[in-house]
Novice: 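One structure follows; several queries about it will come next.
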Amino acid sequence: MSFSPHVREEGVPFLGTKSMREEYLKERRRVWLGSVPSQFDFGVLYAMLGVFVLGAILTLTRCGHGAAVLSSSSSGGSFLPEDIFALSWAQYSPWFPAAAYTPPPSDCQITQVNLLERHGARFPTSGATKRILSAVGKLQSAGEFTDPRLDFLRNFTYDLGQDNLVRFGALQAQQSGTRHAARYAHLSSPSLNTTNIPFIRASGSQRVVDSATNWTLGWYMTTRTLPAPPLILSEDGNDTLDDAMCPSAGSSDPQTNTWIDTFFPPLTAYLNTHAPGANLSTSDVYNLMSLCPFETLAKEARSPFCALFEGGVLGTGWEGFEYEGDLDKYYGTGYGQPLGKIQGVGYTNELLARLTLSPVQDHTQTNSTLDSSPLTFPLDRKFYADFSHDNEMIPIYASIGLFAQSKDLDVRKADKRRNWRANLLVPFGSGMVVEKMVCVRSHSSSLSGGTKGEYVRILVNDALQPLSFCGAGEEGLCELDAFVESQGYARRDGGGDFERCFST
């Protein structure tokens with residue numbers, strides 16, 4: 001079944017048919033306006049009512065100026081550009097499965113799922129928009145073009161929005177909700193038993209909130225189970241889903257600038273030769289290349305900037321573009337940043353609390369008021385979904401110990417064998433899933449035959465992760481206790497690194 005966006009008078013589109021929206025909102029009122037539990041914290045109630053007002057637009061997404069109506073061909077399945085170079089878009093790649101999902105072993109039953117998901121495809125940020133406009137302006141100021149691939153610039157007008165989801169990004173989130181609802185259907189129930197209803201949080205950026213709400217629509221369309229509106233974590237305070245709580249952390253600029261100045265000079269020279277007077281810098285060329293993914297995903301049509309960087313000298317640029325993204329994530333908030341993985345400790349400790357059904361023990365990014373209340377941090381749910389940013393997911397990976405590197409990424413030469421690739425770690429709509437399960441391990445070295453035990457495994461974009469740090473074998477399973485024990489860095493609040501975030 002395909003869904004086309006409908007538009008309210010103020011121009012905000014939502015995904016779903018009119019009847020679906022009416023049915024959804026009717027169910028929303030039934031669940032949320034029915035009764036107030038006894039011993040309810042009314043301070044929290046007022047906060048949740050604020051969330052409800054925002055959640056009432058569950059089927060809406062603020063796509064903004066320049067978004068295109070979704071075509072019927074894009075309303076099912078994942079959007080995978082036909083040409084292979086689309087996979088070189090690094091963190092601007094659309095989600096795709098990094099591997100086929102592997103069901104758990106036959107003697108295991110999944111009992112809890114924790115999903116951490118990046119928002120869907122978006123417009124450029126305000127900072128990126130300024131850099132893109134500057135680069136385009138330089139190129140258009142050239143006196144002439146001597147490469148016909150540049151001719152489109154004579155009539156080109158930049159018309160993308162800023163920061164918010166594009167419609168395809170909203171669809172990504174909806175499809176993710178549908179996909180996870182189908183995969184974990186046994187954890188859901190249309191009853192009012194809250195244990196069987198996903199608990200959802202979102203960092204406060206609008207594109208993250210809109211991704212969460214569109215995801216919820218996908219879940220509802222599949223299960224007819226209605227989650228509460230996402231709990232929104234303000235990015236002005238303690239927030240385990242955003243990377244804004246370590247002011248002393250450095251940036252990846254030194255590393256990415258070195259790479260751009262190493263790799264992009266031939267492309268820059270070519271464009272300056274064929275657009276005399278443009279005086280492009282190497283960074284300008286990178287920003288021009290970024291319009292290929294941004295325009296393609298925003299308009300769901302191949303951007304002319306993709307064709308510009310095809311073949312010849314310009315066609316070699318995608319390897320450099322991809323590696324810039326890899327370096328940015330590695331040295332921004334990943335293993336290459338001394339204060340990188342500390343920024344993922346708060347979420348990791350929240351994850352441990354859910355897995356062990358125990359109160360959160362953390363003194364870093366967590367909001368102790370929210371995390372100490374069963375209303376805003378329940379421990380009895382079977383499915384949790386948290387929506388975040390790529391720059392926060394990376395330190396969470398590092399805090400847990402995923403994608404560990406034996407040496408830092410080289411800033412002047414890309415290793416083609418590397419497993420640190422942003423398009424596999426944090427594409428638009430990317431997701432990490434932590435599955436908790438009960439298994440009967442008849443041949444376990446630590447459990448007697450036929451004895452039940454609790455286990456954990458992790459998948460990133462459906463690829464099963466090798467959790468060697470907690471003793472996982474080919475099945476990717478760690479005993480729950482061993483996994484918890486392996487997370488010593490988080491359980492020690494980063495061993496002093498959080499305090500370093502605020503040192504001068």
Side-chain angles (χ1 to χ4, degrees), residues 47 112 114-119 199-205 208-209 212 230-250 329 332-335 337-379 381 384-403 425-426 430-434 436 456 458 460 483-503:
Q112 184 192 102
N114 289 270
L115 168 66
L116 175 67
E117 183 163 310
R118 184 190 179 192
H119 58 76
F199 183 77
I200 303 169
R201 302 186 304 172
S203 193
S205 290
V208 180
V209 175
L231 177 69
I232 301 171
L233 305 184
S234 170
E235 295 186 352
D236 294 327
N238 285 34
D239 179 3
T240 57
L241 301 177
D242 188 36
D243 63 318
M245 289 192 63
C246 192
S248 295
K329 301 309 161 192
T333 54
Y335 289 107
Q337 168 56 244
L339 293 177
K341 67 179 181 178
I342 183 59
Q343 298 179 64
V345 161
Y347 179 86
T348 301
N349 282 328
E350 289 179 331
L351 173 65
L352 295 176
R354 291 169 174 172
L355 292 172
T356 59
L357 308 182
S358 58
V360 176
Q361 301 294 324
D362 180 80
H363 302 90
T364 63
Q365 299 94 354
T366 52
N367 183 316
S368 59
T369 300
L370 295 178
D371 281 7
S372 62
S373 169
L375 296 172
T376 49
F377 197 85
L379 293 171
R381 302 301 175 94
Y384 300 90
D386 293 306
F387 291 82
S388 183
H389 301 272
D390 54 345
N391 287 337
E392 178 57 28
M393 292 178 67
I394 288 292
I396 290 171
Y397 294 163
S399 171
I400 293 173
L402 304 179
F403 305 103
L425 275 64
V426 286
S430 56
M432 178 185 76
V433 170
V434 180
K436 178 183 175 182
V456 169
I458 298 178
V460 175
F483 178 77
V484 172
E485 183 67 23
S486 74
Q487 300 303 300
Y489 179 77
R491 291 188 296 111
R492 295 191 303 271
D493 292 329
D497 282 348
F498 188 66
E499 289 73 20
R500 290 173 59 205
C501 282
F502 302 93
S503 63

Novice: Going by heavy atoms in the side chains, are Met245 and Gln343 under 4.5 Å from each other?
Specialist: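 No, their side chains stay 4.5 Å or more apart.
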
Novice: Any side-chain donor paired with an acceptor under 3.5 Å for Thr333 and Asn391?
Specialist: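 Distance-only check fails for Thr333 and Asn391.
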
Novice: What heavy-atom pair brings Ser503 and Ser248 nearest, and what distance separates the two atoms?
Specialist: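 Closest pair (atom of Ser503, atom of Ser248, distance): O-OG, 2.6 Å.
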
Novice: CG/Asp497 to OG1/Thr364 distance, rounded to the nearest 0.5 angstrom?
Specialist: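 So the CG of Asp497 and the OG1 of Thr364 are separated by 11.0 Å.
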
Novice: Could you report the tightest heavy-atom contact between Gly340 and Pro395, atom names first, then the distance?
Specialist: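 Looking at all heavy atoms of both residues, the closest pair is O-CB, 3.2 Å.
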
Novice: Side chains of Asn349 and Gln361: closer than 4.5 Å at any heavy-atom pair?
Specialist: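 Asn349 vs Gln361: side chains apart.
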
Novice: Do we see a donor-acceptor contact under 3.5 Å between the side chains of Gln365 and Thr240?
Specialist: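 Their side chains do not contain a donor-acceptor pair, so the 3.5 Å distance test is not met.
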
Novice: Could you pull out every donor-acceptor pair under 3.5 Å between side chains of residues 396-403 and any protein atom, sequence neighbours left out?
Specialist:
{"from": "Tyr397", "atom 1": "OH", "to": "Leu425", "atom 2": "O", "distance (Å)": "2.9"}
{"from": "Ser399", "atom 1": "OG", "to": "Thr348", "atom 2": "OG1", "distance (Å)": "3.1"}

Novice: Would you indicate whether the side-chain heavy atoms of Ser203 and Phe387 approach each other to under 4.5 Å?
Specialist: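 They are not in contact (no side-chain heavy atoms under 4.5 Å apart), so the answer is no.
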
Novice: Looking at Leu352, is its backbone amide N or carbonyl O close enough to the side chain of Gln487 to form a donor-acceptor pair, meaning the two atoms are under 3.5 Å apart?
Specialist: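 A pair under 3.5 Å: no.
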
Novice: Evaluate the side-chain proximity of Asp242 to Glu392: yes if any heavy-atom separation is below 4.5 Å, no if none is.
Specialist: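 Glu392 vs Asp242: side chains apart.
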
Novice: Under 3.5 Å, is there a donor-acceptor pair between the side chain of Ser372 and the main chain of Thr369?
Specialist: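 A pair under 3.5 Å: yes.
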
Novice: Got Val208 and Leu241 here, is their nearest side-chain heavy-atom distance under 4.5 Å?
Specialist: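 No, their side chains stay 4.5 Å or more apart.
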
Novice: Output yes when a side-chain donor or acceptor of Gln337 lies under 3.5 Å from a complementary backbone atom of Ala249, and no otherwise.
Specialist: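 Answer holds: no.
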
Novice: Please name the pair of heavy atoms, one in Ser388 and one in Leu116, separated by the smallest distance, quoted to 0.1 Å.
Specialist: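 Distance-wise, the nearest heavy atoms are CB-CD1, 3.9 Å.
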
Novice: Indicate yes or no for a side-chain donor-acceptor contact from Arg491 to the backbone of Val484 under 3.5 Å, with no hydrogens or angles considered.
Specialist: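 Checked: pair present.
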
Novice: Could you report the tightest heavy-atom contact between Ile200 and Ala212, atom names first, then the distance?
Specialist: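 For Ile200 versus Ala212, the nearest heavy atoms are CG2-CB, 4.2 Å.
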
Novice: Applying side-chain contact (heavy atoms from CB on, under 4.5 Å) to Val434 and Leu351, what does each step give before you reach the verdict?
Specialist: CA-CA 9 Å; Val434 180; Leu351 173 65; 4.0 Å; yes

Novice: Do Met393 and Ser430 have side chains that approach each other closer than 4.5 Å (heavy atoms only, starting at C-beta)?
Specialist: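 Touching, per the 4.5 Å side-chain cut-off.
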
Novice: Check the pair Phe199, Leu231 against side-chain contact (heavy atoms from CB on, under 4.5 Å), reporting the backbone distance first and the verdict last.
Specialist: CA-CA 8 Å; Phe199 183 77; Leu231 177 69; 4.1 Å; yes

Novice: Please report the interatomic distance CZ(Phe377) to CG(Leu370), rounded to the nearest 0.5 Å.
Specialist: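 The CG atom of Leu370 is 10.0 Å from CZ of Phe377, to the nearest 0.5 Å.
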
Novice: Kindly say whether Gln112 contributes a backbone atom to a donor-acceptor pair with the side chain of Lys436 at under 3.5 angstrom?
Specialist: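 Answer holds: no.
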
Novice: side-chain contact (heavy atoms from CB on, under 4.5 Å), that's the test. Do Asp243 and Ile394 meet it? Break it down for me.
Specialist: CA-CA 10 Å; Asp243 63 318; Ile394 288 292; over 6 Å; no

Novice: Could you tell me the separation between the CG atom of Asp390 and the CZ atom of Arg118, rounded to the nearest 0.5 Å?
Specialist: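 Separation between the atoms: 3.5 Å.
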
Novice: For residues Phe498 and Val345, determine if any side-chain heavy atom of one lies less than 4.5 Å from a side-chain heavy atom of the other.
Specialist: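 SC-SC contact between Phe498 and Val345 ruled out.
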
Novice: What verdict does the side-chain contact (heavy atoms from CB on, under 4.5 Å) test give for Ile342 and Tyr489, after you've listed the backbone C-alpha separation in whole Å, the side-chain angles of each residue and the deciding distance to 0.1 Å?
Specialist: CA-CA 9 Å; Ile342 183 59; Tyr489 179 77; 3.5 Å; yes

Novice: Check Tyr347 against Leu115 and note the closest heavy-atom contact, atom names and distance.
Specialist: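 Looking at all heavy atoms of both residues, the closest pair is OH-O, 4.3 Å.
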
Novice: Just checking, any donor-acceptor pair under 3.5 angstrom between side chains of Thr366 and Glu350?
Specialist: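 Short answer, no.
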
Novice: Does the side chain of Arg381 come within less than 4.5 Å of Arg354's, by heavy atoms?
Specialist: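 No, every pair of side-chain atoms sits at 4.5 Å or beyond.
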
